[in-house]
Amino acid sequence: MEYNFSDIEKKWQKAWEEADAYKVSNKSDKPHYYVLDMFPYPSGAGLHVGHPLGYIASDIYSRYKRLKGFNVLHPMGFDSYGLPAEQYAIQTGQHPEKTTFENIDRYISQLKKIGFCYDWNREIRTCDPKYYHWTQWAFIQMFNSYFDAKTQKAQPISQLVAEFEANDPKWATLSEKEKQERLMNYRIAYLADTKVNWCPKLGTVLANDEVSEGLSVRGGYPVEQRVMRQWCLRVSAYAGRLLEGLDRIDWTDSLKETQRNWIGRSEGAEMRFNVKGQDAPFTIFTTRADTVYGVTFMVLAPESEYVARVVTPEQKAEVEAYLSRCKNRTERERIADRKVTGVFTGSYAINPLTQGEIPIYISDYVLAGYGTGAIMAVPAHDSRDYAFAKHFNLPIIPLIEGADVSEESFDAKEGKMINSGFLNGMEVKEAIQAMKEYITNTGIGRVKVNYRLRDAIFSRQRYWGEPFPIYYKDGMPYTLPEECLPLELPEVSDFKPTETGEPPLGHAAKWAWDEANNKVVDKKLIDNKTVFPLELCTMPGFAGSSAYYLRYMDPQNDKALVDKDVNAYWHQVDLYLGGSEHATGHLIYSRFWNKFLYDLGYICEDEPFKKLINQGMIQGRSNFVYRYIGEGATGNLYVSANLIELPQYKDKVQPIHVNVNIVNNDILDITAFRSWMPEFKNAQFVYADGTVDEDNPYIGAPCEKQYMCGWAVEKMSKSMFNVVNPDDVIAKFGADTLRLYEMFLGPLEMSKPWDTNGIDGVHRFLKRLWNMYENISNEEPTKEELRSLHKLIKKITWDIENFSYNTSIPAFMIAQNELSSLKCDKRAVLEQIAVLLAPYAPHIAEEAWHRCGNETFVIDAAWPECNEAYLVEDTQKYPVQFNGKVRFTLECAKDMPKEEVEKLVLAHEDTAKYLAGNAVKKVIVVPGKIVNIVMG
RNA sequence: GCCCAGGUGGCGGAAUUGGUAGACGCGUUGGUCUCAAACACCAAUGGGAAACCGUGCCGGUUCGAUCCCGGCCCUGGGUACCA
């Protein structure tokens, strides 16, 4: 009987769907378990074979947990707001919703073919008003909250207002607008003039994690710095808790480390320096308080507010020239060109310890956004200060004994202090401590912890995103009442910015808020008395993805993001699978968002994702043909890859990408190649055996000679012609083969190239397995058969619990091989094999399960328990080694105690003496392992 | 520069981490079946004629090291004037 995977897979996918077999209930006596994939952005290119890797891994775990008796929540949805659909809309005029929905449909149909156990009843889309209702709702909560530094948690802003009313007599005298302005400094979602990453090409601002090396991550367009009034989220307030929470979650060390670096905690001190001839001091931040005696100049960031105060009239022109030069440089230029630049302000600061006068400079190597935007420069012990001092000929005073600072600075925090007053003779670490105490006691400064983590810019000047539930009255923002949500995204006549430079929502005709009647009305009615303008920006991509895992728990609820009882049942995501590229974006924002909702008591867990696994990237494997470009080249001759190192071809061939789908095991399908593109129509070849076509063999019998392609691992992309579509693999081999093969490729967490060579081996295994279910007997299994089965149970259970899926497939193959050679056809064995296989290859397992006479779905079976008794062999062979060399084998009872084995070995002492010519010094017996005899 | 992960046959990778290195699969070679090919099945396959040598390189601990320690080299990823 043939293994007809196509019929089997269609049959069971239909049956599961009709029975709603994967529907999950929020009420159950079973223990709960929540397995989540990072939901995809539905791109126009559809899924390639790399995307489902993590989904297959999580599906295996979900099915396993369910077989183990858990109520498993395993949902899927779509992160459906995003730039590509909007860029496409600008180019074609097509509404982004249309493209997005088409892409989602395609994704769903591709995903369904793979046979996942998602509960599609719970599907969510971030662009669905029923969903973004709760994104907007969360924003309102953030607007109406502040972060209380004392309790380190979010509190309702009304509490702060009450505090102002009680303790600050000035509060009552403020106007409504002044009050709002003051509160804006505390709100967790707040409006502020901040320096932002502006991308002119995309016409929007971008968050720090959306920019890399001065270019936008999406599209790679240049990004410049600009000051704009933007919505921001006070993520930095949570820096301490985001850092400390990492200790309580089960994530990989490398991911935690990435987050720790991104949060960037540094312990140091703030110190005040007086300016000569002025009353007002300025404050700097340093982690090296011990080096105050070596400060030979001060540096301010160009954007520092101190600049205006310290510039002298004589220096004004020069400083202004420098500032405008800084301003016009893009971030990219600044990174590319790291020359030392700077300008003297004309003023001097007073060193609080030595009372010496030190010049104040401005330079762009000091960042306005970190610390106080001002530093004390210690050239002897900081490489950046050193470079600056050398350039401007400023003095360099060494502070550590034995440090040679004639060529470079000495940055290490070790050694004995010199030239440092009362610190002399101390170790650096002691000196830092002593100086911190000194400045605290004398009031010069204070101990301070700084974080690198900055607030998230939350406005995007784009159309395809969540509208802010905000309108403006007297220039200040007010939130819509919660019961008016969702505020739906309006239709616009054009997706580009308006002529006046407003975001695309400026084109919306019906986009104003009637405060009295609580409804959206025509823009023309704006009178700023009862009808007010609505916010024109939309929210960024991470808004919708920051709390989606909560919504899956209760996706239909229109009263709350998630019902409290439902949340109390599921708690949090137990296992989260996704790529490590989200380490500093989504995974920070989600944790922040979750902590905020936790503070306000809406959810019961402080961390969203208990355990997190990063699946590796699937890279592409490209194939090449080699066009001959040497002497006499016609541009039409291609050299086989095994020959290109020969002297006549070396450096005379040019590799050209060839579509991997017309290459099989690196052998080119010549007919397909010639019809692939017009330029290859008359291609001629130097074949693997070195023979050359004299005539064009295109017409006539198919050529038996082989042309070998070269290959390389590259990113999977259309331009490299190395994209493999899962639909094609499924059509050829079936979903079960695809699932098994993806897992077989290598360890889940490692990056690896997709190489279709080898998929036959996995497919063959399924065919062989299939044959075992043809005639099933009811006889009792033999001891050997049971041993094979229980060995497999033990192995597969261990593998799944340790996410070592790649080693399960060999175990299945070995078991299949053993059982076939035993001619095993026993129902008791085959039935359990089907259950073990069900997480990996659900369709074939389902069919096998039914062939064993079962009526239920295999997913409702129970995971088999390993009975260790079957694994015990009667005898055990101990290879005996002398000084590490195997000399003979001992055979004894498996359960023989260690001492007995030792005695037995010693009984062979004569043999040992004979072989080694020495006395036995030591016998090492490890049960089940090798016996070692050490000779004296 | 700094942080993290990783280097094992022709290839992907095993070795549940101190106990017979190379499981399993691909590829290759030989064979069976076939008029023939494909499919399938069987056998061999780290190097070396052998003694032996082999897990990036050098050294160390150990009876014994892919695994532990010290130093270096290479590859991939993250990050970058964070004071």
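The chains referred to below are lettered A, B, ... by the order of the sequence lines, with proteins before strands, and numbering in each begins at 1. Fair warning: this is a prediction, and the values are worked out from it, not measured in the lab.
- Nucleotide A23(B) holds its C1' atom 15 Å from the CG atom of L792(A), rounded to whole Å.
- Using modelled atom types and a 3.5 Å distance limit, the side chains of T797(A) and E801(A) yield no donor-acceptor pair.
- Contact annotation for F744(A): base contact, defined as any heavy-atom pair under 4.0 Å involving a base atom.
- D385(A) comes within contact range of no nucleotide atom at all, as no heavy-atom separation falls under 4.0 Å.
- Between the CG atom of D364(A) and the C1' atom of C81(B) there is a distance of 9 Å, rounded to whole Å.
- Phosphate contact (OP1/OP2 of C41(B), side-chain N/O of R768(A), threshold under 4.0 Å): present.
- U79(B): Watson-Crick or G-U partner is G1(B), with both key distances under 3.5 Å.
- Side-chain proximity of K795(A) to the nucleotides C24(B), A83(B), U16(B) is greatest for U16(B).
- Side-chain proximity of T807(A) to A83(B), A15(B), C24(B): nearest is A15(B).
- A sub-4.0 Å separation between OP1 or OP2 of A83(B) and a side-chain N or O of Y370(A) is present.
- For the P atom pair drawn from U28(B) and G76(B), the interatomic distance equals 29 Å after rounding to whole Å.
- Across all strands shown, G70(B) pairs with C58(B); the Watson-Crick or G-U wobble distances both stay below 3.5 Å.
- Counting any heavy atom pair closer than 4.0 Å across all strands shown, V366(A) reaches a base atom.
- Counting non-hydrogen atoms under 4.0 angstrom, P747(A) reaches the backbone sugars and phosphates but no base.
- One atom, NZ of K791(A), and another, C1' of C24(B), lie 13 Å apart when rounded to the nearest Å.
- Residues G761(A) and T287(A) both approach RNA chain B. Their nearest nucleotides, taken by heavy-atom distance, put G761(A) toward the 5′ side.
- Within the shown strands, nothing qualifies as a pairing partner of A51(B) under the Watson-Crick or G-U definition with both distances less than 3.5 Å.
- If you check U16(B), A80(B), C3(B) against the side chain of E257(A), the one that comes closest is C3(B).
- Here the separation of A50(B) from A5(B), taken at their C1' atoms, is 42 Å to the nearest Å.
- A cation-pi arrangement is found for R591(A) relative to W251(A), the charged atom lying closer than 6.0 Å to the ring centre and inside a 45° cone about the ring normal.
- For C24(B), the paired nucleotide is G12(B), the pair qualifying as Watson-Crick or G-U wobble because both relevant distances are below 3.5 Å.
- With a cut-off of 3.5 Å on both pairing distances, the Watson-Crick or G-U wobble partner of A40(B) is U32(B).
- A65(B) and C58(B) are spaced 16 Å apart, taking the C1' atom of each and rounding to whole Å.
- In this structure, N261(A) does not reach the C4(B) phosphate: none of its side-chain N or O atoms is under 4.0 Å from OP1 or OP2.
- Going from atom CD of Q259(A) over to atom P of U79(B) covers 12 Å, rounded to whole Å.
- For the P atom pair drawn from G71(B) and G27(B), the interatomic distance equals 44 Å after rounding to whole Å.
- Nucleotides A15(B) and U8(B) have their C1' atoms positioned 10 Å apart, rounded to a whole Å.
- Rounded to a whole Å, the CG atom of N806(A) is 15 Å from the P atom of A23(B).
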**OP:** Show the numbers, then the answer: is there a side-chain hydrogen bond (donor to acceptor under 3.5 Å, both in side chains) between D385(A) and Y365(A)?
**Re:** CA-CA 9 Å; D385(A) 297 344; Y365(A) 84 86; 2.7 Å; yes
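- Distances from the side chain of D382(A) to the nucleotides U79(B), C39(B), A83(B) place A83(B) closest.
- Taking 4.0 angstrom as the limit, R764(A) places a side-chain polar atom (N or O) nearer than this to OP1 or OP2 of A40(B).
- Look at the C1' atom in both C11(B) and C4(B): the space between them is 27 Å, to the nearest Å.
- With a 3.5 Å ceiling on both atom-pair distances, A65(B) lacks any Watson-Crick or G-U wobble partner.
- In this structure, CD of E749(A) is placed 14 Å from P of G13(B), rounded to the nearest angstrom.
- The shortest side-chain heavy-atom distance between V292(A) and I439(A) does not fall under the 4.5 Å cut-off.
- Summary of the strand contacts: I809(A) and K752(A) both lie near RNA chain B, and taking for each the nucleotide with the nearest heavy atom, the more 5' one is attributed to K752(A).
- Using cut-offs of 30° and 60° on the angle between ring planes, the pair Y805(A) and F803(A) is perpendicular.
- Rounded to whole Å, the P atom of G78(B) lies 28 Å from the corresponding atom of C57(B).
- Contact annotation: the side chain of Y61(A) never approaches that of L577(A) to less than 4.5 Å [non-hydrogen atoms, C-beta and beyond].
- If you take atom C1' in G13(B) and the same atom in G9(B), they sit 11 Å apart, rounded to whole Å.
- Taking only side-chain nitrogens and oxygens, T258(A) never comes nearer than 4.0 Å to OP1 or OP2 of G77(B).
- Between F812(A) and F765(A), the ring planes lie tilted relative to each other; the angle falls in the 30° to 60° range.
- In G27(B) the base sits anti relative to the sugar, since the glycosidic angle is further than 90° from 0.
- I375(A) comes within 4.0 angstrom of a nucleotide base, judged by non-hydrogen atoms across all strands.
- Looking only at atom types and distance, the side chain of T737(A) has no donor-acceptor partner in the side chain of K732(A) under 3.5 Å away.
- G25(B) atom C1' lies 20 Å from atom OH of Y805(A), rounded to whole Å.
- Rounding to whole angstrom units, CZ of residue R260(A) and P of C3(B) are separated by 15 Å.
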